[in-house]
Amino acid sequence: MKRPIAALALVSALALSGCAGDETFGNPATGQIAQGNHKALDVSILRVAASDFQPLSSPEALAKVQPIVAAGVVDGWQEGPALATYPNGPLEHRVILRIKVTHLLKGIDTEGASSNSMIYVDLFRGAVVRDDSKKPEEWLPKRSLEDFESSIPTGTKAMVFAADHLPYEGAVIKPGVALSDEAVLTSPPPQGLVFEDQTLVQRKSPGGRALVGGIEPLDVAGVSSGWAEPKNMDDLISRLKGNGFSD
């Protein structure tokens, strides 16, 4: 997979007043609430880097090769670390998605990742804002935590296919919000995040489908692939259980 390029967003630095340091967004006690205010999900906030990968044709094919498969609800977003990835350039900023687990379908060497626990998903935060009055390493992310919460709000049903997160390649310059020693930090492949969009449920979308891919569209493997068959998150969970993945 290609590493993301820290694109520069040429907008005024004054627009950064909402970007802060170490912070979290979202209510940690939200396992049962509905998706935000039922606005349509905007997954474009996660589709900020080109990936070079071979799509797998079904959810169960991806589940076979990923050590962690879990479904739950979005519990919020928090600051990830900022990394010295690009020599003499801007930092690479990460953001952490919290998922409150309701169904752990597969877990290997993840003692803390049981049902009703939390899984943390490490994601690329996207572009920084160019500010020529500062050094490149001081440029701040274009997207605030509030932007992520608005785009994919707390309470959204989610499924993650992932592996335990490996150490970052770049030096950690800013650590972000600290995780506990027991926290399960994961890294998903391009097909490894799926959300249920409640507006598609309410609008009775064509075919009754309410699932959307996070980092990549679900139809990246082809419109006739197994990804097109589950209509909602319950269907997706049932499909994986029917293929031998079960909590």
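Just so it is clear, the model here is predicted, and its values are computed rather than measured. In what follows, every heavy atom counts, from backbone to side chain, and hydrogens, waters and symmetry copies are set aside.
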How far apart are the C-alpha atoms of D122 and I96, what are their side-chain angles, what is the distance that settles it, and do they pass the side-chain contact (heavy atoms from CB on, under 4.5 Å) test? CA-CA 5 Å; D122 175 86; I96 305 297; 3.7 Å; yes
Checking the side chain of W227 only, and the main-chain atoms of G213 only, is there a donor and an acceptor separated by less than 3.5 Å? no
Quick check on D132: does its CG atom have over 12 non-hydrogen neighbours (other residues, nucleotides or ligands) under 6.0 Å away? yes
Can any side-chain N or O of S44 pair as donor or acceptor with the backbone N or O of R47 at less than 3.5 Å? no
Are any side-chain N or O atoms of S151 and backbone N or O atoms of D147, one a donor and one an acceptor, separated by less than 3.5 Å? yes
Would you kindly confirm whether L145 and L46 end up in one hydrophobic cluster when ILVMFWY residues are joined by side chain heavy atoms under 4.5 Å apart? yes
May I ask you to test the Q191-I215 pair for a side-chain heavy-atom distance under 4.5 Å? no
V95, V184: one ILVMFWY side-chain cluster at the under-4.5 Å cut-off? yes
Spacing of CD belonging to Q54 relative to CG belonging to D52, to within rounding of 0.5 Å: 9.5 Å
Spell out, as yes or no, whether a donor-acceptor pair under 3.5 Å connects the side chain of D197 to the backbone of L41. yes
Taken to the nearest 0.5 Å, the spacing of L56 CG from S225 OG works out to 10.5 Å
L83 and V172 have their tightest heavy-atom pair at CD2-CG2, 3.7 Å
Rounded to the nearest 0.5 Å, how far does OG of S246 lie from NZ of K241? 5.5 Å
Set out, in order, the CA-CA distance, both residues' side-chain angles and the distance that settles side-chain contact (heavy atoms from CB on, under 4.5 Å) for K64 and N243, then state yes or no. CA-CA 10 Å; K64 287 179 181 177; N243 281 274; over 6 Å; no
First locate atom CG of L97, then atom CZ of F195, and finally report the distance between them rounded to the nearest 0.5 Å. 5.5 Å
Note, I45 side chain near F148 side chain (heavy atom, < 4.5 Å): yes
Value rounded to 0.5 Å, distance of CD in E92 from CD1 in I173: 12.0 Å
Main-chain N/O of A228 paired with R209 side-chain donor or acceptor, under 3.5 Å: yes
Please answer whether the main-chain N or O of A71 pairs with a side-chain N or O of T102 as donor and acceptor at a distance below 3.5 Å. yes
Count I, L, V, M, F, W, Y as connected when their side-chain heavy atoms are under 4.5 Å apart, and connections chain through other members. Are V43 and L62 then in the same cluster? no
Under 4.5 Å between side-chain heavy atoms, hopping through other hydrophobics if needed: is there a path connecting L166 to Y168? no
Do you know which two heavy atoms are closest between P230 and G226, and how far apart they sit? CD-O, 3.2 Å
Provide the closest heavy-atom pair for P87 versus T85 in the form atom of the first, atom of the second, distance. CD-O, 3.6 Å
Are any of the side-chain heavy atoms of E146 and W77 separated by less than 4.5 Å? no
Considering only heavy atoms from C-beta outward, does the side chain of L236 approach that of V194 to under 4.5 Å? yes
V160 reachable from V69 in the ILVMFWY side-chain graph, under 4.5 Å edges: no
Do you know the tightest heavy-atom contact between D75 and K100? CB-N, 4.2 Å
Taking all non-hydrogen atoms of both residues into account, name the closest pair between V73 and G155 and its distance. CG1-O, 3.9 Å
In Å and rounded to the nearest 0.5 Å, what is the CG to OG distance from L104 to S117? 7.0 Å
Could you check whether E196 and T156, counting side-chain N and O atoms only, form a donor-acceptor pair closer than 3.5 Å? no
Does some side-chain heavy atom of Y120 sit less than 4.5 Å from a side-chain heavy atom of M118? yes
Donor-acceptor pair, D219 side chain versus G222 backbone, under 3.5 Å? no
Between the main-chain N or O of L240 and the side-chain N or O of E60, is there a donor-acceptor pair closer than 3.5 Å? no
Test side-chain contact (heavy atoms from CB on, under 4.5 Å) on L218 and L211; report intermediate values, then the result. CA-CA 8 Å; L218 291 183; L211 297 179; 3.8 Å; yes
Apply the salt bridge (charged side-chain N to carboxylate O under 4.0 Å, His left out) test between E79 and each candidate in R125, R98, R94; give the one that qualifies. R125
I'd like to check V220 versus F53 (side-chain heavy atoms, cut-off strictly below 4.5 Å). Are they in contact? yes
Is a side-chain donor or acceptor of W139 paired with a backbone partner of R130 at a separation under 3.5 angstrom? no
Can you list the steps and then say if E137 with N88 is a side-chain contact (heavy atoms from CB on, under 4.5 Å)? CA-CA 8 Å; E137 61 268 26; N88 302 315; over 6 Å; no
Sub-4.5 Å side-chain heavy-atom contact between Q66 and K106: no
Taking the side chain as every heavy atom from C-beta outward, state whether L123 and P188 have any atom pair closer than 4.5 Å. yes
